[in-house]
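Have a look at the structure below, then the notes.
Residue numbering restarts at 1 for every chain, and letters A, B, ... go by the order of the sequence lines. We use all heavy atoms of the structure for the numbers below, so side chains are in, but hydrogens, waters and symmetry mates are not.
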Protein chains: 2
Amino acid sequence: MFSVIKRFLIGQPLKSNELGEQKLNKKKALAILSSDALSSVAYGPEQILLVLITVSAAAYWYTIPIAIGVLFLLLALILSYQQIIYAYPHGGGAYVVSKENLGMNAGLFAGGSLLVDYILTVAVSISAGTDAITSAFPHLHPYTVVIAILLVIFITILNLRGITESASILAYPVYLFVLALFILIGVGLYNIVTGNVSAELHAPIGTPVAGISLFLLLRAFSTGSSALTGVEAISNAIPNFEDSAPKNASKTLMAMGLLLAILFAGVVYLAYYYGISPKEKETVVSQIAAATFGRNFMYYIIQGTTAMILVLAANTGYSAFPLLAVNLAKDKFIARMFTIRGDRLGYSNGIIFLAVASILLIILFKGKTEHLIPLYAVGVFIPFTLAQTGMLVKWIREKPKGWIVKLTINLVGAFMSFTVMMIFFITKFGQVWSVLIFLPLIVFIFHQIKKHYEAVGEQLRITTCEPAIPIEGNVMIVPVAGITHVVENSLNYAKSLSPDQIIAVYVAFERDAEKQFEEKWNTWQPDIRLVTLHSQYRSIVQPLTKFIDTVENKAAESNFRVTVLIPQFIPKKSWQNILHNQSSLLIRAFLLYRRNLIVTTVPYHLKK
Amino acid sequence: MFSVIKRFLIGQPLKSNELGEQKLNKKKALAILSSDALSSVAYGPEQILLVLITVSAAAYWYTIPIAIGVLFLLLALILSYQQIIYAYPHGGGAYVVSKENLGMNAGLFAGGSLLVDYILTVAVSISAGTDAITSAFPHLHPYTVVIAILLVIFITILNLRGITESASILAYPVYLFVLALFILIGVGLYNIVTGNVSAELHAPIGTPVAGISLFLLLRAFSTGSSALTGVEAISNAIPNFEDSAPKNASKTLMAMGLLLAILFAGVVYLAYYYGISPKEKETVVSQIAAATFGRNFMYYIIQGTTAMILVLAANTGYSAFPLLAVNLAKDKFIARMFTIRGDRLGYSNGIIFLAVASILLIILFKGKTEHLIPLYAVGVFIPFTLAQTGMLVKWIREKPKGWIVKLTINLVGAFMSFTVMMIFFITKFGQVWSVLIFLPLIVFIFHQIKKHYEAVGEQLRITTCEPAIPIEGNVMIVPVAGITHVVENSLNYAKSLSPDQIIAVYVAFERDAEKQFEEKWNTWQPDIRLVTLHSQYRSIVQPLTKFIDTVENKAAESNFRVTVLIPQFIPKKSWQNILHNQSSLLIRAFLLYRRNLIVTTVPYHLKK
């Protein structure tokens with residue numbers, strides 16, 4: 001039943017040697033890896049306006065200089081990541097770069113914040129995508145959270161099917177979105193140039209504004225730079241590219257940077273010229289589209305492609321998170337299960353973990369994009385800063401040909417990323433303080449996990465440990481609940497292995513039952529020793545474990561091993577299990593964690 | 001950790017022989033068992049008004065004749081249940097009475113609807129209690145569902161501690177509520193008599209109303225009779241009374257009927273005289289209290305005690321549900337676990353099941369009392385009808401002294417209950433149709449469970465079955481994942497039992513790994529046969545089970561038993577388990593349900 005549904009949703013399993021077919025060409029890579037960055041224009045400009053509106057609508061002209069600042073930041077980041085791609089062609093991005101150049105802890109901080117950030121990528125993109133949908137269809141507004149969760153589930157299924165298949169699905173909406181926004185910006189500019197739009201809608205650039213402050217402008221700049229989240233995705237995913245991977249990745253990064261710059265500049269300028277204010281139930285992009293086309297066919301195309309690219313931007317998280325998790329798991333900082341490929345060769349555990357975590361975030365923040373963004377952006381700029389700083393150290397240490405230029409580029413990148421990060425902490429402390437707690441916590445957990453794996457490895461290795469204690473004999477204990485075929489079955493099995501001793505144990509709740517049972521037993525199985533225990537608190541497990549401990553202590557003295565044989569009957573249909581007390585499961589769970597006790601389950605299958 | 005919290009919340013465990021101390025005296029019994037019935041006055045009168053308002057406010061005078069009808073119904077029910085108490089002093093109520101007189105299926109219909117009804121008692125009472133709270137503090141209105149759930153959890157903990165302790169806590173609020181409502185009714189009537197209340201607020205009795213119909217009046221009558229839910233509770237809980245139980249129970253029932261009649265009549269009359277209309281966010285009782293006292297101290301006393309008795313009315317469900325479940329479980333119609341007493345001698349499984357089910361209902365109906373009530377009331381009047389009919393049959397069959405009077409009383413009770421039930425089905429079909437589906441379904445499940453238990457019992461009994469197949473020898477299979485101490489430990493154990501054959505099995509994902517491993521193995525354990533399996537879909541379980549099946553088929557031919565020995569290492573701290581792949585758990589779960597396979601877990605405890 002479960003497996004039929006699974007097959008239907010994610011397809012037939014693939015063999016391990018079918019892995020090679022899943023690589024990406026440039027066109028698909030641009031779609032799959034840049035949807036996050038490109039889609040950011042759907043919420044980035046809005047974030048700037050949301051800060052400026054706290055002063056007055058007259059302050060909107062500040063979006064223009066702020067946007068120019070953001071574009072410079074974009075240029076610095078693109079150039080910096082260009083260098084990372086060539087220097088680290090095997091991918092890993094901020095985690096690998098920081099680890100190799102700044103030491104393990106810096107790497108872990110970068111890795112930890114990226115892990116969290118990919119979860120936020122999914123939550124933010126899906127929430128913003130849902131906003132685009134509810135802007136177009138306002139009566140859906142009350143169902144924001146439900147819609148967002150359904151979208152996450154949809155993307156998760158696509159990813160469990162395997163990346164190439166999802167990439168084919170993804171390529172069209174991304175290119176359609178770019179085309180649609182080009183048309184929007186083109187028509188918008190045409191209207192402005194031909195004077196179809198009143199120039200009265202906005203305050204001219206340079207209008208003095210009461211109450212504006214540097215603090216506020218920095219805040220607007222930093223939230224606006226949330227439009228740059230996602231530019232690192234390509235450098236993390238180089239191993240997914242077709243050969244030669246770094247060259248293809250580099251070209252893809254340039255194309256993405258250029259597209260992002262045009263779209264961001266266009267949206268900001270139109271929003272400014274049309275004098276658009278952010279609204280609770282309609283996004284800025286929706287307002288621009290409505291003002292340009294009216295609510296006609298073209299408007300729904302814009303909203304539709306925006307929603308699609310935003311929803312699919314979540315896919316960047318799905319491409320990047322599992323790969324980063326594999327890198328961390330290979331270094332033993334997170335659970336090994338993240339390195340296992342699923343039926344369709346994707347890293348299913350990473351994909352499912354990401355889905356669950358982002359759904360929790362969406363529920364927690366009730367799908368409100370603007371509350372998620374500060375956390376998201378600060379989490380992005382921490383690894384940005386660490387990666388660029390790592391590159392600085394690399395150039396200074398290795399001094400390759402032309403290293404001064406390379407150094408300068410990464411220096412500018414590092415400095416700007418650090419500045420944005422600090423602005424976030426200073427101007428939005430109330431929303432991002434939690435990063436200062438959970439990031440060190442994550443790094444601490446990473447170290448604990450690694451310590452554990454190393455300790456386990458050492459203890460299991462045959463070469464390093466003391467020789468095993470010899471086994472001189474065996475004692476078998478059979479807890480019995482009555483005189484039945486289930487018990488008979490277990491006793492016959494015990495006898496067939498001829499251990500040194502077999503002890504049957506019966507737990508009685510009442511004194512009368514105890515005596516009765518002993519008498520019956522002695523006629524039924526006179527050759528097997530029966531021990532009866534009295535339980536006045538109606539617990540079976542407690543008196544049993546106490547007795548077993550006593551036996552075990554005595555057995556240990558003469559190097560005997562103790563085996564507990566649990567008779568268990570298996571009903572014909574699995575739902576019938578809930579009708580039985582499952583004492584045997586409980587007993588097994590309790591016993592297994594006790595020292596040196598072996599637990600054997602002897603099933604007796606019912607036929608009706 | 002878990003056990004510390006458990007001890008703190010529910011107290012130290014009690015010994016089985018401390019059971020006698022948990023009996024109820026009359027005063028406590030009245031509190032614990034009548035809170036459901038008494039608290040119904042908080043929503044019963046409101047239900048009548050909610051129907052009449054669909055015509056017009058002028059129709060409100062009909063509440064008076066309708067209320068008189070309800071009071072007659074109450075009288076009939078009290079007298080009928082009086083007879084049941086003496087006839088069935090061991091309790092069981094509608095289930096036992098129907099079963100013994102009308103046959104098993106009638107009993108099961110009564111039992112099934114009562115089980116569901118006790119869940120609804122909890123859901124309805126808690127929702128109505130939350131309404132009382134949010135009427136007094138309107139800003140809490142958005143948190144209705146959360147408040148209701150917290151209240152259910154609170155009541156559940158009280159009940160897990162044991163009934164006497166909760167009864168002490170419960171007695172005060174119930175008596176305070178009765179006192180507070182007496183004061184309210186007294187002051188209200190005094191104001192009316194002294195002319196402090198305008199007689200213009202209500203239409204006089206007999207005013208002609210356009211649009212009134214018999215259908216509507218019957219509907220109002222039937223929903224109003226929801227105020228009688230809970231009168232059966234005492235007859236079900238006779239074994240909880242101090243000796244002599246039936247006499248005490250009978251007196252308690254009379255006292256309860258009298259109190260209920262006074263409170264119901266008083267509230268209906270005041271609501272009518274004050275001309276009160278039902279409101280979305282304020283209950284009728286709250287409106288009466290506010291009109292009588294203003295929103296002063298006394299108002300909050302009324303609301304507070306109303307909320308408390310409503311919340312504690314849920315407790316009736318907690319007293320009755322587990323007892324009924326025990327009766328059904330003893331007859332093998334539901335899972336045996338409901339007969340087990342917990343640490344504090346209450347039937348914890350029943351209590352917890354009830355809590356979970358009622359929380360689900362509250363969430364499903366969003367805590368809206370008026371949507372839950374029709375389902376609740378119809379579920380109550382089905383067992384009412386069956387129990388009274390059962391009594392009829394009993395009197396006709398046994399013909400004791402004065403049986404004609406007894407017969408007449410139960411005949412009236414049965415007829416009225418049946419009429420109310422039919423009115424519900426006719427006038428509220430849209431809300432109660434689901435009863436017609438889930439009730440037969442529950443009875444069907446009851447039968448399936450009984451059939452299963454009987455089949456199991458028969459198969460386990462030593463006397464009835466064919467002799468067991470002799471065991472001629474043993475084969476042990478050890479799945480191995482590497483050359484480690486964990487595997488060594490399992491192999492040593494297997495050797496110590498000297499079975500006829502030991503086979504180690506290794507599942508390889510790659511051809512190279514396969515050969516390498518075979519070579520290493522042959523130097524390490526040359527005397528143990530190694531079988532390597534190749535898995536191209538990266539599954540361990542599938543190739544393993546296939547291999548084991550082959551071995552088992554061969555072994556079965558010569559009456560050999562197959563044991564699978566699973567090497568498992570146990571980390572020092574339990575959280576570390578999530579860092580390991582748990583293949584062994586998975587393998588065990590898969591193997592246990594296969595025919596005739598014995599599964600042994602050989603733990604290897606890590607020290608660091």
Among Val599(B), Val602(B), Ile334(B), which residue forms the greatest number of heavy-atom pairs with chain A at distances under 4.5 Å?
-> Val599(B)
Could you tell me whether the side chain of Pro603(A) reaches within less than 4.5 Å of the side chain of Leu597(B), counting heavy atoms only?
-> no
So do the side chains of His452(B) and Pro571(A) get within less than 4.5 Å of each other, counting heavy atoms only?
-> yes
Whatever's closer than 4.5 Å to a heavy atom in chain A on Leu497(B) counts as both
Of all residues at least two apart in sequence or in a different chain, which pass the ring-ring contact (aromatic ring centres under 6.0 Å, His included) check with Phe560(A)?
-> none
More than 12 foreign heavy atoms under 6.0 Å from OH of Tyr143(B): is that the case here?
-> no
More than 12 heavy atoms of other groups within 6.0 Å of Gln501(B) CD = yes
Residues which pass ring-ring contact (aromatic ring centres under 6.0 Å, His included) with Tyr453(A), listed by chain and number, not counting sequence neighbours = His580(B)
With a 4.5 Å cut-off on heavy-atom pairs, point out which of Asn492(B), Val456(B), Leu565(B) contacts chain A the most.
-> Val456(B)
Rounded to the nearest 0.5 Å, how far apart are OH of Tyr493(A) and OG1 of Thr563(B)?
-> 2.5 Å
So CG of Leu606(A) and CD of Glu458(B): to nearest 0.5 Å the spacing works out to 11.5 Å
Would the number of heavy atoms belonging to other residues, nucleotides or ligands and lying under 6.0 Å from NZ of Lys495(A) be above 12?
-> yes
Kindly compute the distance separating CG (Asn474(A)) from OG (Ser498(B)), expressed to the nearest 0.5 Å.
-> 9.0 Å
Report the distance from atom CZ of Phe569(A) to atom CD of Gln459(B), rounding to the nearest 0.5 Å.
-> 9.5 Å
Nearest-0.5 Å distance that lies between atom OG in Ser496(A) and atom CG in Asp500(B) = 9.0 Å
Max heavy-atom pair count under 4.5 Å with chain A, selected residue of Ile483(B), Ile570(B), Ile566(B), Thr601(B) = Thr601(B)
CD of Glu510(B): more than 12 outside heavy atoms within 6.0 angstrom?
-> no
Hey, is NZ on Lys450(B) packed in by over 12 heavy atoms from elsewhere, all under 6.0 Å?
-> yes
